Amino acid sequence: RAKRFTDLEPLNPGLNCYSIHHASIDEDVVGRIRRMMVEYGVPVEGYNREHGEGMYEINLRYADAVTAADYALLYKSGAKEIAAQQGVVPTFMAKYDDRIDGCSGHLHQSLWAGDHNAFWDESAPHHASALMRSYAAGVLTTMPELMLMYAPNVNSYKRYVVGSWAPTTATWGFENRTTAVRAIASTADGCRLETRVPGADVNAYLGFAATLAGGLHGIERKLEPPAPISGDAYRATEAPGLPPSLAEAVERFRSSAVAREYFGSEFVEQYARMREWEVEQFRRAVTDWERARYFEQV
């Protein structure tokens, strides 16, 4: 805070994504968070360094939607409290630094009928059942208008940059990490959809609610998804674009019939107004970029 959140020292130096280099240099902090969260009951399956200095990927074990959202909330809160005891401050901003990629909050979901994964069909192309396809179609169709529930902050939208592993359009594909929805269908037990739109700043309760509403919308209407993208989804310029800013996401959400159908008008108006207030605060702010860009030259 004293340094105005700039020129901070990252917990691990360099780019060590999936590397054995400096394998234990941060174990005293991140390992302690993992062990204490597991002991508390938040199942951290593993972690690794990600695509930037001080950046980590944390994987929480699957559970029913409400329990999984509880895990996400407790992990974020617990990580901050535990790390603070060692003089470290974690952030879950979607984009901390414009020189590196953003931080995601990918949501994995499957739909089960008893002990049967309803997303799996042994005989279907890619093993994707008709139900899975309709669910994916609904998530994609509603994604632009429910974006506010996936990306709730001004900073959330700085993450959606071409070539940054964050999606820019409502696309899907099998094992494709450039799309907004990645289908994973190699085994019956693990068959699922991964929504890659949310950043690390997502409110998991609202993010899960958005995917469920979208999926139900698709199932109820038997929607069919567009053709899956097999290559670079950033080249799919014909695909529906995602709102590029919080202000536009607020307007899309407020006018969404789907949002009002599944969440009620009272919630839509309250949530949209709360996020609109955030937009108004940002419009008044003078940023470091503006000072660096204009102080001398205008």
Side-chain angles (χ1 to χ4, degrees), residues 11 29-52 54-85 88-96 101-112 135 139 142-143 146-160 165-167 177 180-182 184 190 192-216 246 249 262-263 267 271 274-275 278:
L11 185 60
V29 176
V30 184
R32 184 168 182 260
I33 293 173
R34 184 189 71 246
R35 290 188 295 272
M36 293 188 74
M37 294 309 299
V38 169
E39 184 177 345
Y40 185 69
V42 177
V44 179
E45 289 194 318
Y47 78 89
N48 57 270
R49 293 196 187 93
E50 255 297 343
H51 204 244
M55 188 184 294
Y56 295 85
E57 175 178 312
I58 308 295
N59 295 289
L60 303 181
R61 185 172 175 79
Y62 62 85
D64 65 85
V66 174
T67 302
D70 289 344
Y71 288 160
L73 174 67
L74 291 169
Y75 181 84
K76 286 184 178 182
S77 178
K80 291 179 180 181
E81 298 295 336
I82 296 165
Q85 297 170 5
V88 176
V89 181
T91 181
F92 292 91
M93 288 178 65
K95 185 90 166 181
Y96 164 70
D101 293 336
C103 294
S104 64
H106 296 158
L107 310 181
H108 291 252
Q109 63 240 254
S110 57
L111 193 62
W112 289 71
Y135 190 102
V139 171
T142 61
M143 188 173 284
L146 299 183
M147 191 73 172
L148 195 63
M149 298 177 74
Y150 294 122
N153 301 307
V154 170
N155 179 255
S156 305
Y157 296 82
K158 300 299 178 70
R159 179 173 151 263
Y160 304 115
W165 302 107
R177 288 179 168 86
V181 174
R182 170 190 172 213
I184 304 164
R192 62 194 187 275
L193 294 172
E194 176 193 40
T195 302
R196 297 175 60 83
V197 169
D201 60 342
V202 65
N203 177 321
Y205 298 99
L206 299 186
F208 290 168
T211 58
L212 287 168
L216 288 172
L246 183 62
Y262 285 95
F263 306 120
F267 171 78
Y271 186 57
M274 183 172 63
R275 296 296 85 200
E278 194 79 0

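Both backbone and side-chain heavy atoms feed into the values below; hydrogens, waters and symmetry mates do not. A quick note: this is a predicted structure, and the numbers were derived from the prediction, not measured. Heads up: numbering here begins at 1 and tracks the sequence.
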Nearest 0.5 angstrom please: Thr211 OG1 to Leu107 CG, how far?
6.0 Å
Other residues, nucleotides and ligands only: do more than 12 of their heavy atoms fall within 6.0 Å of CZ on Arg35?
yes
Give, for atom CG of Leu216 and atom OG1 of Thr142, the distance between the pair rounded to the nearest 0.5 Å.
10.0 Å
About how many Å separate CD of Glu81 and NZ of Lys76, when rounded to the nearest 0.5 Å?
15.0 Å
Which heavy atom of Phe263 sits nearest a heavy atom of Ala213, and at what distance?
CZ-CB, 3.6 Å
Scanning both residues in full, the closest heavy-atom pair of Glu194 with Arg196 reads OE1-NH1, 3.2 Å
Hey, does Leu206 have a side-chain heavy atom less than 4.5 Å from the side chain of Tyr271?
yes
Is it the case that more than 12 heavy atoms not belonging to Lys95 sit under 6.0 Å from its NZ atom?
yes
Do Phe208 and Gln109 have side chains that get closer than 4.5 Å, going by heavy atoms?
no
Is there a side chain to side chain contact (heavy atoms under 4.5 Å, CB included) between Val197 and Val181? Walk through the geometry before answering.
CA-CA 8 Å; Val197 169; Val181 174; over 6 Å; no
Do other residues, nucleotides or ligands put more than 12 heavy atoms under 6.0 Å from Trp165 CH2?
no
Do the side chains of Met37 and Ile82 get nearer than 4.5 Å, heavy atoms only?
yes
Kindly compute the distance separating CD1 (Ile33) from CD1 (Ile58), expressed to the nearest 0.5 Å.
7.5 Å
Between Phe92 and Ala79, which heavy-atom pair has the shortest distance, and what is it?
CZ-CB, 4.3 Å
Check: Arg192 and Tyr62 side chains under 4.5 Å, non-hydrogen atoms
no
Nearest-0.5 Å distance that lies between atom NE2 in His106 and atom CZ in Arg182:
9.0 Å
Exactly one candidate in Arg275, Met147, Met274 meets side chain to side chain contact (heavy atoms under 4.5 Å, CB included) with Pro152; the answer is Arg275
Do Arg159 and Ser104 make a side-chain contact, defined as non-hydrogen atoms from C-beta onward lying under 4.5 Å apart?
yes
Ala210 versus Leu146, closest heavy-atom pair with distance
O-CD1, 3.8 Å
Residues Asp201 and Ser156: closest non-hydrogen pair is OD2-OG, 2.5 Å
Go through the steps for Met143 and Thr195 under the test side chain to side chain contact (heavy atoms under 4.5 Å, CB included), then give the verdict.
CA-CA 10 Å; Met143 188 173 284; Thr195 302; 4.2 Å; yes
CD/Gln85: more than 12 non-hydrogen atoms of other groups inside 6.0 Å:
yes
Take Tyr56 and Arg49 through the side chain to side chain contact (heavy atoms under 4.5 Å, CB included) test and state the conclusion after the steps.
CA-CA 4 Å; Tyr56 295 85; Arg49 293 196 187 93; 3.9 Å; yes
To the nearest 0.5 Å, how far apart are CE in Met93 and CG in Asn155?
3.5 Å
Does OH in Tyr40 sit with more than 12 non-hydrogen atoms of other residues, nucleotides or ligands closer than 6.0 Å?
no
Please determine whether side chain to side chain contact (heavy atoms under 4.5 Å, CB included) holds for the pair Tyr262 and Leu212, giving the CA-CA distance in whole Å, both sets of side-chain angles, and the decisive distance to 0.1 Å.
CA-CA 10 Å; Tyr262 285 95; Leu212 287 168; over 6 Å; no
Restricting to non-hydrogen atoms, name the atom on Tyr157 and the atom on Ala249 that form the minimum distance, rounded to 0.1 Å.
OH-CB, 3.1 Å
Taking the side chain as C-beta and beyond, is there a heavy-atom pair between Tyr71 and Pro43 under 4.5 Å?
yes
Checking Thr67 now: which residues fulfil side-chain hydrogen bond (donor to acceptor under 3.5 Å, both in side chains) with it, not counting sequence neighbours?
Asp64
Kindly indicate whether the side chain of Val30, heavy atoms from C-beta on, has any atom under 4.5 Å from the side chain of Arg34.
no
Can you find a pair of side-chain heavy atoms, one from Val44 and one from Leu60, that are under 4.5 Å apart?
yes
